[in-house]
Structure formats: C-alpha cells, structure tokens
Amino acid sequence: MLALLCLSMISEAEAGVPMALDPLNRVMVGATWVGGPSPVGLTGSFESRTTRILAAEFGGFATPLPMEPGLGEDAERNEDLFYLRHGIYGDLGFRIPHHQPKGFAWEFHFRVGTGVVWSAHVSNDALVTDDTNYDVSPSIAAMGGGDLLFRFGQYGLRLAGKGWGYQVVDQRELTADFTFRPQVSLEALVQW
C-alpha cells in the first residue's frame, strides 16, 4: 500500500514534465554552407530520439544557386574538380547527457552516418548546356560530425558541422579519387 501511495505522489509531481526516456521528435530547417563556388544552400531534417543518449536523423540538403564558369582552370588535383552540391542522409547521434532546465536547454551530439551525395564535375568539358550547368553525379558517402543545439521551450537553433567523405569518378579519364568536403549549417527547430 505504501508503495502505491509513493508511486502516485511521484506521478503527480512529474505531471506535465516529459520523462528522460520519452521519445522526442524534432524538425529542423535552415541554411547550409558546403564550400566551393555555390556555397549556400538549404537543409532540412527530421530527428527522433530513441533513448536518452541516442537519436536517429534523416535529412537532406541542396545548393540550387548556379555555379561560376571556368572553375576547373585553377584545379591542382583531380579531386578538386568536384564540388558537393546535394545530398540525402541518415545518421545516428550520440547525445552527451546533461541536466535540462525546463525553460532553456542545450545539447551536443556526435554524429556518424551515410548517404548519397551529388557532386558537380567542374572541368570545362563537363559542361552540359552553358557556362554554369555542370555534370552532376551521385556517390555513396560516409559522414561524421557534431552539432550544438540551444532550445527555449519547444523552439530552438542548431549549429551543425559535418564532414563528407566519398569517391568521385572522372568519366573522361576513368579514374576514381577519394575526396573530403566540409559542411556547416544553421537551422531553426521545433520539438515535440
């Protein structure tokens, strides 16, 4: 009887406060920087926390702005002829546990994942129709990074940094090179 009384008192005290293991979902939308001649793009993702320290995220990014002509003229290495343009991915985030005040909270996640990225081949003979429409090809990529999140109630901001590693294939010379490209994004989020 005493155990039931204690349990009901604990339940009443925690009413309206989510438990630490309750799943939390987030939608994030923002701007991304991927480097290169058309660096600014859009990003969006959906994240669901599965345990206290683990979260699964699925998202994508696109850099729709046109690229400058003559980009391949200054390239020193073959992998410098490829610029990251678009991608879709899935990752696991490992959250550093910490005390969460009700009004303001912060989180840090380490992330690892995989996805498909599209990179533009910017050599002069890879132009498709005009000076800014370069041939874009997909590659399977690995990703690692981290993000810092600040939340005020159910709204917040996230600053994320990722590194993409993938293999690019030069169809003209039939060579394959491994390349690494950074990505930084600033996103607004809603959590429920």
Side-chain angles (χ1 to χ4, degrees), residues 17-67 82-121 134 136-168 178-192:
V17 178
M19 297 295 289
L21 296 179
D22 282 351
L24 294 175
N25 299 310
R26 295 182 179 131
V27 172
M28 290 151 285
V29 177
T32 185
W33 178 86
V34 293
S38 176
V40 179
L42 304 172
T43 183
S45 62
F46 172 79
E47 178 187 76
S48 184
R49 196 170 85 189
T50 56
T51 69
R52 186 168 184 254
I53 61 170
L54 232 124
E57 180 181 19
F58 300 95
F61 62 93
T63 53
L65 298 175
M67 299 175 78
F82 292 86
Y83 287 100
L84 188 61
R85 298 288 287 164
H86 318 295
I88 55 174
Y89 64 90
D91 68 42
L92 282 178
F94 301 92
R95 177 175 167 255
I96 296 177
H98 55 88
H99 175 67
Q100 296 251 2
K102 192 170 182 180
F104 169 78
W106 62 271
E107 292 182 17
F108 187 80
H109 285 252
F110 292 104
R111 299 195 178 274
V112 294
T114 186
V116 177
V117 295
W118 284 263
S119 54
H121 187 188
Y134 292 95
V136 177
S137 59
S139 301
I140 294 176
M143 178 267 292
D147 54 71
L148 180 61
L149 179 143
F150 297 100
R151 186 173 48 81
F152 309 92
Q154 73 180 94
Y155 302 102
L157 291 173
R158 178 173 84 161
L159 177 63
K162 296 179 178 74
W164 293 95
Y166 56 99
Q167 190 174 36
V168 291
F178 183 80
T179 187
F180 178 83
R181 296 287 184 246
Q183 178 185 25
V184 178
S185 58
L186 180 62
E187 301 159 299
L189 69 91
V190 177
Q191 173 177 293
W192 68 94

* Asked: Is there a side-chain contact between L54 and R49, using heavy atoms and a 4.5 Å cut-off?
  -> no

* **Those residues that, when tested against F110, pass ring pair (Phe, Tyr, Trp, His ring centres under 6.0 Å) (two or more places apart)** => F108

* Asked: Quick one: ring pair (Phe, Tyr, Trp, His ring centres under 6.0 Å) partners of F61, sequence neighbours excluded?
  -> W164

* What distance do Q154 atom CD and Q191 atom CD have between them, rounded to the nearest 0.5 Å? -> 8.0 Å

* **Neighbour count above 12 (heavy atom, 6.0 Å) for Y155 OH** => no

* Asked: How far does CZ of R151 sit from CG of L157, to the nearest 0.5 angstrom?
  -> 12.5 Å

* **Approximate separation, where rounding is to 0.5 Å, of W33 CH2 and L84 CG** => 10.5 Å

* Asked: Hey, is R95 close enough to E47 for a salt bridge, meaning N to O under 4.0 Å?
  -> no

* Asked: To the nearest 0.5 Å, how far apart are CZ in F94 and CD1 in I53?
  -> 8.0 Å

* Where is the tightest heavy-atom contact between Y166 and I140, given as atom of each residue plus distance? -> CB-O, 3.5 Å

* To do: Any pair with a residue in residues 159-168 that passes salt bridge (charged side-chain N to carboxylate O under 4.0 Å, His left out), sequence neighbours left out, goes on the list, sorted by first then second residue, please.
  => none

* Counting only N and O atoms by type, is there a donor-acceptor contact under 3.5 Å from the side chain of T43 to the main-chain atoms of A31? -> no

* Shortest non-hydrogen contact from A55 to H109? -> CB-CE1, 4.1 Å

* Asked: Can you find a heavy atom in the side chain of Y89 that is under 4.5 Å from one in the side chain of V117?
  -> no

* To do: Hey, could you give me the CG/CD distance between D91 and E57, rounded to the nearest 0.5 Å?
  => 4.5 Å

* Structure fact -> So NE2 of H86 and CG of L42: to nearest 0.5 Å the spacing works out to 11.0 Å

* To do: Look only at the side chain of T32 and the backbone of V184, and say whether a donor-acceptor pair between them is shorter than 3.5 Å.
  => yes

* **Considering all heavy atoms, the nearest F82-S119 contact** => CD2-OG, 3.9 Å

* To do: Sequence neighbours left out, what passes salt bridge (Lys or Arg N to Asp or Glu O under 4.0 Å) with E187? Give chain and number order.
  => R158

* Heavy-atom check, side chain of D147 versus side chain of R111, under 4.5 Å -> yes

* Residues which pass side chain to side chain contact (heavy atoms under 4.5 Å, CB included) with A56, listed by chain and number, not counting sequence neighbours -> F58, L92

* Asked: Taking the side chain as C-beta and beyond, is there a heavy-atom pair between S45 and M28 under 4.5 Å?
  -> yes

* Partners of I88 by side chain to side chain contact (heavy atoms under 4.5 Å, CB included), sequence neighbours excluded? -> V116, W118

